[in-house]
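One structure below.
Each chain gets a letter, A, B and so on, in the order the sequences are listed, and its residues count up from 1.
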Amino acid sequence: MTVKKRTAILSYLFVNIPLFVGGNFLLYFLGKMEESIKNFQITDYLWFNLVGIIGVFIGAILMQWIFKKKDDVPIGDERTIIHLKNYTVILLYGILFISGLLLLTLYFFGVQTIEIGWLFAYLAIIFILTIFGALAIILLK
Amino acid sequence: MHAKQNLFFLLKIRIKGGGYLRVKNRVREIRKKRGITQVQMAKDLKITRQTIHAIETHKYNPSLELALKILDYLDVPLEEIFFLERRDQEDDR
């Protein structure tokens, strides 16, 4: 296995493992919430992980297809890193701004406590959107 | 001025007495003279085709490392490719 391929696989796992761990925690905490839609059972966790694993494989195939489609031209370079740095700064500002706005809105609506399940859901949304945003930056810029 | 062009203000070097200096290049001109495609150049220099396009259209100034790689690849002296252009007005092109 080449260093390039190993790095690609490790990066892919680096992104996907937290998604799995976070996803399972999300199900757990959503199930524990007072006004929970559903108390998730072991089968739900199995389904979630199975669909996730299939998704990861499809994602890996798609990535390989993108690499091949590019006709051996590198997918990223110094300009990509600059774009990603700019994206990180803008994203950080965006997250802080939206979080602040959300917090103020909740406060003015009289919400005094937030269940940890919602925090997990919020974190999951941020995580997924961040990854898709970064992928879009790499592929489109 | 077009809204998108405003983003490139960082590429300009303002000078005393008005006007600004901007790094320009002749990468496209020299590349076409040699009959090299953007894709081929991207493969050889291990950069993206979009970066070459951005350099050629003066929307991106390459790092010193990449600039030296381009010089080496096209086998021309620095002053033949990269140069500073003085602009007195705020027109971008």
Side-chain angles (χ1 to χ4, degrees), chain A residues 1-16 58-98 129-141, chain B residues 1-13 22-32 34-74 76 78 81-82 92:
Chain A
M1 194 186 285
T2 59
V3 178
K4 200 178 166 187
K5 205 168 184 179
R6 198 185 304 151
T7 314
I9 292 169
L10 284 175
S11 315
Y12 195 61
L13 290 176
F14 183 75
V15 171
N16 282 295
I58 292 170
I61 292 163
L62 269 175
M63 286 292 209
Q64 277 185 335
W65 179 73
I66 290 164
F67 272 105
K68 272 187 184 167
K69 202 183 152 198
K70 294 276 175 183
D71 196 24
D72 292 338
V73 177
I75 203 159
D77 56 10
E78 58 174 41
R79 201 166 137 266
T80 317
I81 295 167
I82 292 169
H83 281 311
L84 285 173
K85 276 182 188 170
N86 293 344
Y87 168 70
T88 313
V89 174
I90 294 165
L91 188 82
L92 179 68
Y93 179 78
I95 289 171
L96 290 174
F97 185 78
I98 292 167
L129 288 181
T130 305
I131 290 166
F132 278 108
L135 275 174
I137 294 279
I138 292 167
L139 295 173
L140 302 176
K141 278 283 183 180
Chain B
M1 194 187 281
H2 193 271
K4 201 178 173 186
Q5 287 175 0
N6 287 336
L7 295 171
F8 302 113
F9 72 97
L10 287 171
L11 300 176
K12 296 172 189 170
I13 306 154
R22 210 180 147 183
V23 180
K24 295 284 229 178
N25 67 76
R26 292 194 187 95
V27 174
R28 175 170 280 172
E29 199 183 313
I30 296 167
R31 179 180 61 77
K32 281 191 172 173
R34 306 272 164 94
I36 306 165
T37 61
Q38 280 189 343
V39 174
Q40 188 57 50
M41 195 171 165
K43 268 190 215 172
D44 295 337
L45 291 173
K46 290 185 172 56
I47 55 173
T48 61
R49 195 196 55 76
Q50 287 88 338
T51 298
I52 292 175
H53 178 76
I55 293 168
E56 286 181 353
T57 50
H58 314 112
K59 285 174 182 167
Y60 174 66
N61 286 335
S63 67
L64 182 61
E65 190 187 344
L66 181 56
L68 291 173
K69 274 186 188 174
I70 293 169
L71 295 178
D72 188 50
Y73 181 73
L74 296 171
V76 279
L78 175 77
I81 297 193
F82 298 103
D92 213 81

### Task
Could you tell me which non-hydrogen atom of B/L66 sits nearest to which non-hydrogen atom of A/E78, and how far apart they are?
CD2-OE2, 3.4 Å

### Query
How many angstroms lie between CG in A/D77 and OG in B/S63, if you round to the nearest 0.5 Å?
9.0 Å

### Task
Kindly compute the distance separating CZ (A/R79) from OG1 (B/T48), expressed to the nearest 0.5 Å.
5.5 Å

### Query
So which heavy atom on A/P74 is nearest to which on B/A42, and how close?
CD-O, 3.9 Å

